Protein chains: 2
Amino acid sequence: MSRETSETKTRILQASLHLLELGGGKGVRMSDIAKRAGISRQAVYLHFPTRAALLVATTHYLDDLRGSEDRLAPSRAAKTGTERLDAFIEAWGSYIPEIHGIAKALMAMAETDIEAREAWSTRMQDMREGCEAAIKALVDDDVLTAEHSIEQATDILWTMLSIRTWEQLTRECGWSQALYLKKTKALARRVFIASL
Amino acid sequence: MSRETSETKTRILQASLHLLELGGGKGVRMSDIAKRAGISRQAVYLHFPTRAALLVATTHYLDDLRGSEDRLAPSRAAKTGTERLDAFIEAWGSYIPEIHGIAKALMAMAETDIEAREAWSTRMQDMREGCEAAIKALVDDDVLTAEHSIEQATDILWTMLSIRTWEQLTRECGWSQALYLKKTKALARRVFIASL
DNA sequence: TGATTACTTGACATAGTGTCAATTGACATG
DNA sequence: CATGTCAATTGACACTATGTCAAGTAATCA
């Protein structure tokens with residue numbers, strides 16, 4: 001929306017993003033970000049009122065950079081419900097590693113900070129809409145498993161595709177990104193598609 | 001193992017457990033615990049060197065209280081693999097709400113503290129063994145879906161039964177505990193059992 | 001020349017963990 | 001009774017990180 005972003009503001013966002021991506025979201029302090037942006041710690045507060053606000057702004061900055069909307073184009077263009085499900089998992093699942101650092105920081109912050117919690121919640125709600133659209137495409141094709149309502153199926157897909165689930169499978173279980181994508185797609189088909 | 005737990009130590013653990021269960025793991029401070037145990041904040045450190053150590057000790061205390069081992073008896077006694085899978089989900093899934101508060105605190109601490117991370121990791125690894133046993137029972141009955149190796153099936157079940165997944169479904173999606181159990185069992189059958 | 005803007009420096013408040021030293025009260029033992 | 005020990009108390013302090021405030025500087029614009 002609002003352009004007119006000052007050069008320094010952008011430098012701060014770049015610094016924030018870089019450190020967050022690098023360190024996997026681990027303890028990135030205001031002073032770290034300031035140092036990398038080449039300004040004093042206090043100057044950061046001239047642009048962002050709190051750490052939470054900076055983290056939130058960083059996610060928006062990342063979205064702008066990576067064009068999160070465009071990623072969903074193939075999903076929306078899919079001909080069949082099954083294809084759409086696959087495409088959505090591919091798109092979101094491939095986006096996760098890129099946003100993981102910042103997501104982790106925001107999730108941690110959300111434990112204590114309301115602003116951060118709401119920002120995170122909104123983002124996840126957006127993602128949920130993608131899940132719902134994919135599920136509805138299955139319903140349109142009349143292939144959704146009978147045992148799930150649309151809402152419950154959406155809940156399940158949303159949970160399968162959560163960042164925490166991705167973390168557990170790739171970090172704790174050591175799955176490669178490719179394996180994660182392949183298995184998640186197969187799992188989703190098995191769970192949601194009736195005609196197997 | 002080591003008995004000889006002093007009365008005060010026990011009071012601290014009780015206080016810790018109570019506050020953690022109550023507040024859902026939200027910001028329970030050393031001073032809160034001390035106050036509830038009826039001693040000074042500094043006195044807590046006479047019994048537990050760090051907050052992390054206290055949290056870890058609290059989980060062990062909870063296990064002793066609730067007899068986490070006994071819960072798995074029905075699972076181990078199950079006749080068929082499918083029954084075992086159901087019984088394991090029932091046992092662990094019912095345990096989650098009881099440990100959720102302390103688990104959340106420990107998970108949050110694990111982000112920064114090595115001691116906490118290792119303690120948590122060990123507990124989750126224990127749980128994973130239960131998953132593996134359930135999966136192996138399916139293999140023994142020759143009903144495990146062909147597409148999963150034992151290890152991958154274990155990974156998937158482990159993730160399905162993670163605390164994060166429970167949190168998402170019951171907290172974010174508003175599922176009741178009963179619905180969570182029912183759906184999780186159904187999902188596990190659908191994913192792992194071939195002869196459907 | 002003077003005002004405005006962006007930034008700097010240094011000091012400070014606050015919150016929470018963890019440490020330390022000096023002290024108190026209870027109880028046990030020679 | 002004297003002594004020592006143990007558990008706990010109090011108060012002070014170090015440390016880390018966020019966030020605030022005031023005073024000063026340097027560049028730019030009118």
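Per chain, numbering begins at 1; letters A, B, ... match sequence-line order. None of these values were measured; they are calculated from a predicted model.
In this structure, B:Met109 atom CE and C:dG18 atom C1' are separated by 11 Å, rounded to whole Å. Computed from coordinates, the A:Ile12 CD1 to C:dC7 C1' distance equals 11 Å when rounded to whole Å. Rounded to whole Å, atom P of C:dT14 lies 20 Å from atom CE of A:Met30. Regarding B:Glu7, its CD atom lies at a distance of 13 Å from the C1' atom of D:dA8, rounded to whole Å. Rounded to an integer number of Å, the gap from A:Asp113 CG to D:dA17 C1' is 14 Å. For the pair A:Leu54 CG and D:dA17 C1', the computed distance is 15 Å after rounding to whole Å. For the pair A:Glu115 CD and D:dT18 P, the computed distance is 15 Å after rounding to whole Å. Atoms CG (A:Leu46) and P (D:dG24) sit 18 Å apart, rounded to a whole Å.
Residue B:Arg29 places its side chain closer to C:dG16 than to any other of C:dG16, C:dC7, D:dT18. Residue A:Thr8 places its side chain closer to C:dC7 than to any other of C:dC7, C:dG18, D:dG19. Listed candidates were D:dA8, C:dG18, C:dC7. Nearest to the side chain of B:Ile39 is D:dA8. For B:Ser40, the listed nucleotide lying nearest its side chain is D:dT10; candidates were D:dT10, D:dG19, D:dA7.
Within a 6.0 Å radius of CD in B:Glu151, other residues, nucleotides and ligands contribute 12 heavy atoms or fewer.
In this structure, B:Ile12 and B:Ile39 have side chains that are in contact, with non-hydrogen atoms separated by less than 4.5 Å. Within the 4.5 Å cutoff, the side chain of B:Ser162 has no heavy atoms near those of the A:Arg164 side chain.
Within the 4.0 Å cut-off from OP1 or OP2 of D:dA7, not a single side-chain nitrogen or oxygen of B:His47 is found.
Under the 4.5 Å side-chain heavy-atom criterion for grouping Ile, Leu, Val, Met, Phe, Trp and Tyr, A:Ile193 is connected to A:Val191 within one hydrophobic cluster.
One donor-acceptor pair, N or O on each side, does fall under 3.5 Å between the base of D:dG19 and the side chain of A:Arg41. For a distance-only test at 3.5 Å, the side chain of A:Gln42 qualifies as a donor-acceptor partner of the base of C:dG10.
Side chain of B:Thr80 to main chain of B:Glu83: a donor-acceptor pair is present (N/O by atom type, distance under 3.5 Å, no hydrogens or angles).
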